[in-house]
Amino acid sequence: MPVLSYRQAGLILKAAGGGASERQIRDLQRDLRRLGYLKSGIDGNFAGVTGRAVKALQYDLLHNDGSSGGGDGKAALRLLDFNRGRVTGLSGEADQGLVDCISDLLDAGAPMLPFSRNPVEENREVVAAIQALPPAEAPIPFLLAILKQESGLKHYHEPGPGDEDTFITTGFDTNAGENYIIKSRGYGAGQYTLFHHPPRAEEVGDFMLDVGRNVQKAGGELRERFDRFVNGPSPGTRADDRQAELRTGPPLACKYGPEDPRYLKDCRQCAREAGLQDIRAGVTPLYPGSDELYQPTPRYPNASHQGVPARRGLGCDWPYAARRYNGAGMDSYHYQARVLQNLLAL
């Protein structure tokens, strides 16, 4: 059984009071991080994010049966099996019943998220891995622009002063009404997503520990969106913005031919030549002829974007594929605008 500094009779770790030391809170945060419940930050401050992570774990101990919400198979284990009546509600405070559950999870060898002893150096490998990808998979500049939006091109978290977090970069998709319910998690530079939790050991060894594999999966995801979404068979399965702006024919990978040295490589220059537009919340339609206007969302409260390369002017269909790399609906249009801004800034 692991020795936990915060396993102490009567101790409750919470935002105010409870008697926990800063080191005990850091140790709790570290275990929540390695178990996949804290998004980032091992700083000894039991603030809103740590309380939300505790509540997320409590929720899973009450509800997580190891199933997937996205068809990617079952999790390595069922969190329900580790409760045994010790967690009965969602307090957001770590009492000793929850601490005992954490101890049992760690003792059972539950797959843990990896960390780096040198995150700065390993993050440099991200760009090298992207540059090594064959252009046939996806244009490298677009992939860089997407990964900039997904993770800041960071496979591992680079801690600031007072922070000890060097675990893999993790993103959460949470329930819109109850943001402590984690529906899926994206991992690493490419934010390759799993809809089950915790991950299986082979998933940790594959795209979490291997930066190159993570980036390859990102390239494959983008290519899949290009092949299947750009010109899908019906509304909801195709890029309606592309249908309205360009064509209904086969997807176009590049305005240059394969024999041209600029083929799938000169995307930034194409973005510069496309012309810029300002997107204004409540004014700019999502695409020509659309009744919907750009509007704020919880993920994008600022729905205006300045200096966005005009997607139709790039002469290829990657802007439309990129829109569906992560998300759908209104969020996907904001995401597309950010990716195009990233492309221009490469």
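Position 1 is the first residue of the sequence; numbering continues from there. Note that the coordinates shown come from a computational prediction; the quantities given were computed from them, not determined experimentally.
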**Request:** Test the Arg242-Tyr320 pair against the cation-pi criterion, namely NZ or CZ under 6.0 angstrom from the six-membered ring centroid and within 45° of the ring axis.
**Result:** no
Nearest heavy-atom pair of [X] and [Y]: which atoms, and what distance?
{"X": "Lys265", "Y": "Pro141", "value": "O-CG, 3.5 Å"}
{"X": "Ala145", "Y": "Leu343", "value": "CB-N, 3.7 Å"}
{"X": "Thr170", "Y": "Arg33", "value": "OG1-NH1, 3.2 Å"}

**Request:** Kindly state whether the ring of Phe207 and the ring of Tyr192 have centres lying under 6.0 angstrom apart.
**Result:** yes
**Request:** Compute the ring centroids of His305 and Tyr300, then answer whether they are less than 6.0 Å apart.
**Result:** no
Close side-chain approach of [X] and [Y], heavy atoms under 4.5 Å:
{"X": "Val230", "Y": "Arg238", "answer": "no"}
{"X": "Pro309", "Y": "Leu276", "answer": "yes"}
{"X": "Thr284", "Y": "Leu293", "answer": "no"}

If two hydrophobic side chains count as joined below 4.5 Å and joins carry through other members, does [X] share a cluster with [Y]?
{"X": "Tyr59", "Y": "Leu77", "answer": "yes"}
{"X": "Ile182", "Y": "Phe167", "answer": "no"}
{"X": "Ile181", "Y": "Leu79", "answer": "yes"}

**Asked** Checking side-chain hydrogen bond (donor to acceptor under 3.5 Å, both in side chains) against Asp163, which of Arg26, His157, Gln29 comes through?
**Response** His157
**Asked** Once you round to the nearest 0.5 Å, how far does CG of Asn326 lie from CZ of Arg338?
**Response** 12.5 Å
**Asked** Do the side chain of Glu273 and the main chain of Cys270 share a donor and acceptor less than 3.5 angstrom apart?
**Response** no
Cut-off 3.5 Å, side chains only: do [X] and [Y] have a donor facing an acceptor?
{"X": "Ser304", "Y": "Arg280", "answer": "no"}
{"X": "Asn175", "Y": "Tyr180", "answer": "no"}
{"X": "Tyr333", "Y": "Gln295", "answer": "no"}
{"X": "Asp65", "Y": "Ser67", "answer": "yes"}
{"X": "Arg7", "Y": "Ser103", "answer": "yes"}

**Message:** So if I apply the ring-ring contact (aromatic ring centres under 6.0 Å, His included) rule between Trp318 and each of Phe229, Phe226, Tyr325, which one comes out positive?
**Reply:** Phe226
[X] atom [atom1], over 12 foreign heavy atoms within 6.0 Å:
{"X": "Gln306", "atom1": "CD", "value": "yes"}
{"X": "Arg272", "atom1": "CZ", "value": "no"}
{"X": "Arg223", "atom1": "CZ", "value": "yes"}
{"X": "Tyr287", "atom1": "OH", "value": "yes"}

**Message:** My understanding is that only one of Asp241, Asp240, Asp317 makes a salt bridge (Lys or Arg N to Asp or Glu O under 4.0 Å) with Arg323; could you say which?
**Reply:** Asp241
